[in-house]
Student: 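Submitted below is the structure of interest, expressed as structure tokens.
In what follows, every chain begins at residue 1, and chains take the letters A, B, ... in the order their sequences are listed. What you see is a predicted model; the values in this text were computed from it and never measured.
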2 protein chains.
Amino acid sequence: MSLPHILLGLLERPQSGYDLRRAFEGGAAHYWSAELSQIYPALKKLEAAGHVTATEVVSQKGPSRKVYERTDSGRNELVAWIRTGPAESASRLAYVGQIEFAHVVGDLAVTTRLIDTLEVSFQSLHDLLVDVEAELREQTRTPRVLHELIAVQLGVATLRARLDWCEDARELLKRAS
Amino acid sequence: MSLPHILLGLLERPQSGYDLRRAFEGGAAHYWSAELSQIYPALKKLEAAGHVTATEVVSQKGPSRKVYERTDSGRNELVAWIRTGPAESASRLAYVGQIEFAHVVGDLAVTTRLIDTLEVSFQSLHDLLVDVEAELREQTRTPRVLHELIAVQLGVATLRARLDWCEDARELLKRAS
DNA sequence: TCAGACATGTAATACGTTACATGATTAA
DNA sequence: TTAATCATGTAACGTATTACATGTCTGA
């Protein structure tokens with residue numbers, strides 16, 4: 001049950017469901033994602049549980065927004081979740097399987113193409129996270145900023161490692177052909 | 001629809017459902033996982049589709065096993081999947097959120113404890129993968145071995161990066177306290 | 001004899017994606 | 001005028017976890 005807790009965390013600042021989805025396309029993309037069809041019901045359940053409150057706000061552009069705000073109860077629930085220790089779950093990176101099994105194709109160029117395509121995705125997320133990291137470095141080092149910095153650095157480190165791997169893997173494939 | 005394809009890939013060597021689950025606890029753990037309750041129905045569907053065949057084999061220990069073998073049709077399906085390009089999906093690493101939001105706890109020691117616990121998991125998977133990598137390095141460099149090596153190196157590189165991050169993050173937290 | 005590994009399965013529940021439904025505002 | 005973005009929601013379907021159900025063999 002992580003999505004509700006992730007939403008509670010992101011609601012450090014009051015936001016609408018629509019805003020929260022944009023977080024999953026931006027700085028939060030490296031660790032979580034959810035569709036609007038999952039976010040809206042999740043927010044309703046959090047409201048029913050008293051963890052957030054909703055306020056209808058007239059929007060400048062488009063229909064009126066429902067801005068959600070975290071309550072003390074929601075804050076307590078978030079703290080309790082964090083105190084239970086790391087919420088680890090299994091990785092599901094199908095593309096690694098595709099590479100591992102790609103020998104059945106009988107054409108190393110297919111593997112190289114897989115890696116080239118992956119590299120583009122890795123690079124764009126990496127660049128985005130580096131920007132987020134730079135912004136955080138310019139801010140006063142409050143506990144909040146410190147934690148955000150640590151979290152984004154995990155993403156940057158992971159993506160740097162994967163980008164390096166792309167080069168190394170391509171080199172191994174070139175030597176083998 | 002990745003699980004069936006992952007299973008087809010792992011069935012490079014004929015195996016039972018029980019065997020396949022053990023793969024997800026071993027060398028395949030860094031990119032995929034599935035429970036037996038998901039594996040058994042998936043194998044049945046693959047059999048119905050003609051992508052695998054099942055053979056009942058009497059076991060030395062315990063009840064008789066159902067050993068699945070990939071057919072030509074299954075091999076073609078696997079190749080087609082790999083040729084469609086990388087199957088990318090969103091990351092879901094709730095523990096990164098826990099760290100990002102941990103400032104609400106108001107106690108940096110909690111964040112440090114999260115990182116310490118994560119480090120233990122990272123280390124054990126890292127060590128396992130390093131062993132797998134070493135074994136592959138000793139084998140003749142066939143295309144199959146080359147691809148397995150490349151895949152496992154992505155896991156090793158990712159985990160090395162995360163282990164380094166654990167140290168760096170702890171250092172930042174120490175300076176801040 | 002009893003716990004743990006071996007071995008296969010189904011059922012209930014929870015989580016996540018895609019498709020559907022509606023409508024306003026803005027910029028090209 | 002028409003496409004894109006803003007904004008909220010439901011329904012249908014697919015994927016994954018937990019719990020249930022059954023039974024054998026081996027070693028302590």
Student: Give the rounded distance in Å between these two atoms: CD of A:Glu35 and P of D:dT8.
Tutor: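 Rounded to the whole Å, the gap is 15 Å.
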
Student: How many Å lie between CG on B:Leu36 and C1' on D:dA16, as a whole number?
Tutor: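 After rounding, the gap between these two atoms is 13 Å.
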
Student: Of the options C:dT17, D:dT5, C:dT8, whose atoms approach the side-chain atoms of A:Tyr18 most closely?
Tutor: D:dT5

Student: OP1 or OP2 of C:dG9 sitting under 4.0 Å from any side-chain N/O of B:Lys66?
Tutor: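 Yes.
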
Student: Taking side chain to side chain donor-acceptor pair (under 3.5 Å) as the criterion, tell me which of A:Asp116, A:Thr111, A:Thr112 meets it with A:Arg170.
Tutor: A:Asp116

Student: Does A:Trp32 or B:Tyr40 map to a spot on DNA chain C nearer the 5' end, using the closest nucleotide for each?
Tutor: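 Looking at DNA chain C, the more 5' nearest nucleotide goes with B:Tyr40.
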
Student: Does OP1 or OP2 of D:dT8 have a side-chain N or O of A:Arg21 closer than 4.0 Å?
Tutor: no

Student: Assess, by modelled atom type and distance only, whether the side chains of A:His30 and A:Thr158 contain a donor and an acceptor separated by less than 3.5 Å.
Tutor: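 No donor-acceptor contact under 3.5 Å links the two side chains.
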
Student: Determine whether a donor-acceptor pair (N or O, by modelled atom type, separation under 3.5 Å) exists between the side chain of A:Gln15 and the backbone of A:Leu10.
Tutor: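 Yes, the answer is positive, given that a donor and an acceptor are paired below the 3.5 Å cut-off.
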
Student: Could you tell me how far apart B:Gln38 (CD) and C:dT8 (P) are, to the nearest whole angstrom?
Tutor: 16 Å

Student: Calculate the interatomic distance between B:Leu43 atom CG and D:dA16 atom C1'; express it in whole Å.
Tutor: 16 Å

Student: Indicate, with a heavy-atom threshold strictly under 4.0 Å, whether A:Ser16 touches base, sugar-phosphate, or nothing.
Tutor: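 Here A:Ser16 touches the backbone only, sparing every base.
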
Student: Counting heavy atoms from C-beta on, name the nucleotide in C:dA7, C:dA19, C:dC15 closest to the side chain of A:Ser37.
Tutor: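 From the listed options, C:dA19 comes nearest.
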
Student: From C-beta outward on B:Arg65, which listed nucleotide comes closest to its side chain: C:dT8, D:dT10, D:dC6?
Tutor: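 The answer is C:dT8, which lies nearest to the side chain.
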
Student: Please report the distance, rounded to the nearest Å, between CD in A:Glu25 and C1' in D:dC6.
Tutor: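 After rounding, the reported distance stands at 13 Å.
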
Student: D:dT17 P sits how many Å from B:Phe24 CZ, rounded?
Tutor: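 The distance from CZ of B:Phe24 to P of D:dT17 comes to 11 Å, rounded to the nearest Å.
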
Student: For A:Arg92 and C:dC15, give me the distance from atom CZ to atom P, rounded to whole Å.
Tutor: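 Taking atom P of C:dC15 as the reference, CZ of A:Arg92 is at 14 Å.
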
Student: Return whichever of B:Pro41 or B:Pro63 has its heavy-atom-nearest nucleotide of DNA chain C closer to the 5' end.
Tutor: B:Pro63

Student: Is any side-chain N of the basic residue among A:Arg13 and A:Asp19 closer than 4.0 Å to the acidic one's carboxylate O?
Tutor: no

Student: Any donor-acceptor pair, under 3.5 Å, between the side chain of B:Ser64 and the base of C:dT8, if you only look at N and O atoms?
Tutor: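 For B:Ser64, whose side chain was compared with the base of C:dT8, there is no donor-acceptor pair (under 3.5 Å).
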
Student: Without decimals, in angstroms, what is the distance between A:Ile39 CD1 and C:dT17 C1'?
Tutor: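 Roughly 12 Å, once rounded to whole Å.
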
Student: Answer yes when B:Arg21 and B:Glu35 have at least one side-chain N-carboxylate O distance shorter than 4.0 Å, and no when they do not.
Tutor: no

